[in-house]
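Naming convention: chains lettered A, B, ... in sequence-line order (proteins, then strands); numbering from 1 in each chain.
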Protein chains: 2
Amino acid sequence: MKKKITLKQIARELEVSISTVSKALKNSREISKDTTEKIQAFAKLYHYKPNNIALSLKSRRTKNIGVIIPDIVHHFFTTVFRGIEQFADTKGYNVIACVSDESFEKEVINMELLANGSIDGFIMALSAETQLKNDFHHLKETIDQGMPLVLFDRVTDEVICDKVVINDFEAAYMAVKKLIDDGRKRIALVTTESYLNVSEKRAQGYYQALKDHNLELDKSLILRLPYQFEDEIMSETFFATTNLDAVLCVNEIFAVRSMRIAQRNGLRIPEDVAFIGFTDGILSKLATPALTSVAQHGERMGEIAARMLIEKIERDDEKELEEETFRTEVIEATLIERESTIN
Amino acid sequence: MKKKITLKQIARELEVSISTVSKALKNSREISKDTTEKIQAFAKLYHYKPNNIALSLKSRRTKNIGVIIPDIVHHFFTTVFRGIEQFADTKGYNVIACVSDESFEKEVINMELLANGSIDGFIMALSAETQLKNDFHHLKETIDQGMPLVLFDRVTDEVICDKVVINDFEAAYMAVKKLIDDGRKRIALVTTESYLNVSEKRAQGYYQALKDHNLELDKSLILRLPYQFEDEIMSETFFATTNLDAVLCVNEIFAVRSMRIAQRNGLRIPEDVAFIGFTDGILSKLATPALTSVAQHGERMGEIAARMLIEKIERDDEKELEEETFRTEVIEATLIERESTIN
DNA sequence: TATTAACACGAAACCGTTTTCGTTGTTAAT
DNA sequence: ATTAACAACGAAAACGGTTTCGTGTTAATA
């Protein structure tokens with residue numbers, strides 16, 4: 001077992017100083033050709049690679065970015081993660097992934113742990129609990145210490161930083177409008193508890209679309225499910241007793257579940273009832289019938305978030321002077337039409 | 001903006017030495033009560049937290065583990081990742097996630113990058129290309145440098161290290177046996193190119209089960225699809241022209257796709273044809289009909305891999321002496337029966 | 001009173017680099 | 001012969017901690 005070799009060992013072996021070795025390896029022309037070649041040959045032979053930790057300590061840059069997401073077994077977040085990882089990779093950054101599990105405490109702990117020098121910046125989506133508590137002190141402190149932060153999807157106005165979101169309101173509006181244009185009158189909404197920022201925005205889009213098209217808002221057409229709802233009883237009775245001809249779901253899991261229940265109740269899709277979901281993942285594509293869905297372009301979102309973060313990190317290097325400026329990028333959602341609606 | 005405070009600054013401010021501050025913060029009883037309290041109060045006031053990088057440099061431990069997986073937008077890997085992350089978290093480790101994208105080169109580059117001090121050990125599943133090339137020098141070198149490594153799922157006999165896998169052969173055997181016991185005679189296999197170790201093992205289990213039950217191996221009943229097959233034409237003709245009454249698929253995506261095609265061709269599931277897939281993910285649960293599936297217990301796999309790795313890392317601390325010993329943990333796959341087979 | 005032990009603290013080495021700033025020994029210019 | 005310039009290298013500081021090993025005071029002991 002050959003442990004990694006260090007500058008010091010090379011120096012001792014070749015009877016030169018550490019500085020000479022360091023310079024020779026960077027082709028400094030302070031060092032003679034002879035010595036340089038000798039050192040480089042030796043280094044190559046022993047597979048010398050500088051120690052990242054030592055480099056980080058010196059440069060105060062880790063080339064790591066921290067990503068905190070509420071859940072990893074979740075198509076949308078996974079997609080965003082991939083976008084982040086891909087972009088980060090091209091820029092030579094590594095990604096440290098933390099899962100908050102929708103827990104406020106885990107979010108706080110993980111953030112504080114990573115903020116102590118392990119990373120150069122954060123990308124995150126708020127946990128459900130954090131949004132519920134409305135407590136963002138950990139984010140504010142992190143920013144205050146000069147750590148760049150980009151929020152995506154699950155954001156908040158309380159924290160001033162770079163953000164990247166989709167136009168949830170407009171997307172929901174657009175989806176509902178399509179259903180109305182298709183002649184649907186009784187359009188249901190299947191959503192989560194309202195403290196989830198994005199769900200709420202989608203609900204608003206739903207309300208507005210109904211209003212603009214002179215459809216009454218019927219509370220009995222709104223089904224609110226707990227975030228990760230395994231039990232299907234609530235939805236069962238909803239579909240059995242409610243007279244509806246279209247359904248908008250705030251995610252694809254709710255949508256596919258709902259479709260199954262509707263089908264069990266003898267409803268034909270899309271003839272009797274049309275479905276549109278959010279999150280255009282693999283479920284939407286492979287459901288029967290295939291689900292018309294609002295694509296959130298997670299991968300692009302991740303890429304943009306990573307780009308914003310890295311730009312800020314590397315700008316901090318250059319110019320300390322200029323005033324901080326924060327942006328919010330809005331990604332346009334797209335409606336992908338499939339078999340669960342008519343076109 | 002208050003940058004993080006360091007020991008040196010505290011020392012200067014309080015007119016004591018750096019060592020005194022360091023000791024006081026660890027409640028060393030070398031330091032008087034008075035001084036200790038004064039220092040701790042000051043440190044608390046300024047939110048002092050030791051710099052992780054400096055600690056790592058000193059201790060030669062990063063408390064980071066590197067995870068390299070071929071794909072993150074993939075239910076099984078995501079699940080394993082969650083298991084790793086969860087266990088690592090309880091032990092105070094962070095996870096650096098790299099996606100090889102099934103590319104040999106990305107795998108090599110990422111490994112070499114991380115191996116230079118950024119992490120204490122690796123957990124990985126081999127990329128398809130790596131398995132195809134059968135080139136494992138990067139793994140061997142990493143191990144040779146004393147870096148612990150745990151392989152999961154996509155493993156190889158060429159590399160001697162800790163491993164965790166499921167009993168693919170037996171699982172496939174068991175699945176096919178169930179189909180046979182249900183009276184199926186013409187059982188198809190939908191699989192990937194054979195260089196994927198796990199697919200091959202599953203195929204072997206399939207062959208053996210047929211053989212043991214005196215069913216002939218009919219090559220026309222085997223469909224090999226490229227790894228991420230988007231085009232459905234090949235499968236279309238397969239299901240249209242082949243006379244079969246059951247299908248075993250090596251993953252759930254193939255299974256759900258196949259079911260759709262079969263249904264389009266007027267076949268009833270499970271009456272006319274039964275389906276069993278591998279990877280018991282969300283697709284299996286929400287497909288119509290729900291898919292009978294071999295659960296690979298990814299989360300447990302991740303947890304076990306993380307446990308093995310961290311044990312090895314922390315044992316390395318204690319005893320350098322004793323001989324290395326490597327284990328291979330086999331996780332028992334489970335057949336989850338749903339609507340796509342009769343029971 | 002001289003010796004010793006306990007106490008409270010500081011100096012310095014160390015982890016592995018980079019980088020600035022000498023310090024030599026030659027060589028060319030005066 | 002003297003000096004300036006240059007080439008080639010080393011010493012040391014710095015990054016932010018931990019830890020070992022002094023060292024000076026004071027109090028207890030012989």
Exercise for the section: Using whole Å, report how far CG of L7(A) lies from P of dA12(D). Expected result: 18 Å
Practice task
Provide, to the nearest angstrom, the distance between the CD1 atom belonging to I18(B) and the C1' atom belonging to dT20(D).
Solution key: 16 Å
Handout entry: Phosphate OP1/OP2 of dG17(D) contacted by Y48(B) side-chain N/O (<4.0 Å)
Key = yes
Handout entry: Nearest heavy atoms of I96(A) and I96(B), plus distance in Å
Key = CG1-CG1, 3.5 Å
Handout entry: T20(B) or L57(B), whichever maps to the more 5' nucleotide of DNA chain D
Key = L57(B)
Problem - Pair partner, dT30(C) [Watson-Crick or wobble, under 3.5 Å] - result: dA1(D)
Handout entry: Pair D162(A) + K312(A): basic N to acidic O under 4.0 Å
Key = yes
Exercise for the section: Using whole Å, report how far NZ of K38(A) lies from P of dA8(D). Expected result: 14 Å
Problem - Rounded interatomic separation in angstrom, taking CD1 from I53(A) and C1' from dG16(D) - result: 13 Å
Practice task
Could you tell me the separation between the CZ atom of R154(B) and the CG atom of L126(B), rounded to the nearest 0.5 Å?
Solution key: 8.0 Å
Fill in the blank from the handout: Heavy-atom closest pair (K23(B) atom, E30(B) atom, distance to 0.1 Å) is NZ-OE2, 3.3 Å
Problem - Proximal nucleotide (of dG16(D), dT19(D), dC9(D)) relative to the T6(B) side chain - result: dG16(D)
Problem - Nearest-Å distance for atom pair CG/P, residues N52(B) and dT18(D) - result: 11 Å
Problem - Distance-minimising heavy-atom pair for A88(A) and V95(A) - result: CB-CG2, 3.9 Å
Practice task
If the plane angle is over 60° it's perpendicular, under 30° parallel, otherwise tilted; pick one for F76(A) and H74(A).
Solution key: perpendicular
Problem - Most 5' of N51(A) and E30(B) on DNA chain C, judged by nearest nucleotide - result: E30(B)
Problem - salt_bridge(R307(B), E303(B)) N-O dist < 4.0 Å - result: yes
Exercise for the section: Measure centre to centre between the rings of F77(A) and F81(A), then say whether the value is under 6.0 Å. Expected result: no
Problem - T35(A) vs dA8(D): side-chain N/O to OP1/OP2 distance below 4.0 Å - result: no
Exercise for the section: Could you check whether S19(A) gets within reach of a base, just the sugar-phosphate, or nothing at all, counting any heavy atom under 4.0 Å? Expected result: base
Fill in the blank from the handout: K23(A) NZ to dA11(D) P, in whole Å, measures 11 Å
Practice task
Examine the base of dT19(D) for any acceptor or donor lying under 3.5 Å from a partner atom in the side chain of K26(B), and report the outcome as yes or no.
Solution key: no
Problem - Most 5' of K33(B) and K8(A) on DNA chain C, judged by nearest nucleotide - result: K33(B)
Exercise for the section: Using a heavy-atom cut-off of under 4.0 Å over every strand shown, decide if S22(B) touches base, sugar-phosphate, or nothing. Expected result: base
Fill in the blank from the handout: First and last nt of DNA chain C near chain A, cut-off under 4.0 Å to heavy atoms, 5' to 3', are dC15(C) to dC21(C)
Practice task
Starting from C1' on dG16(D), measure out to NZ on K58(A) and report it in whole angstrom.
Solution key: 12 Å
Practice task
Check the distance between dC15(D)'s P and D120(A)'s CG and give it to me in whole angstrom.
Solution key: 18 Å
Exercise for the section: Ignoring backbone atoms, establish whether R60(A) has a side-chain N or O less than 4.0 Å from OP1 or OP2 of dG16(D). Expected result: yes
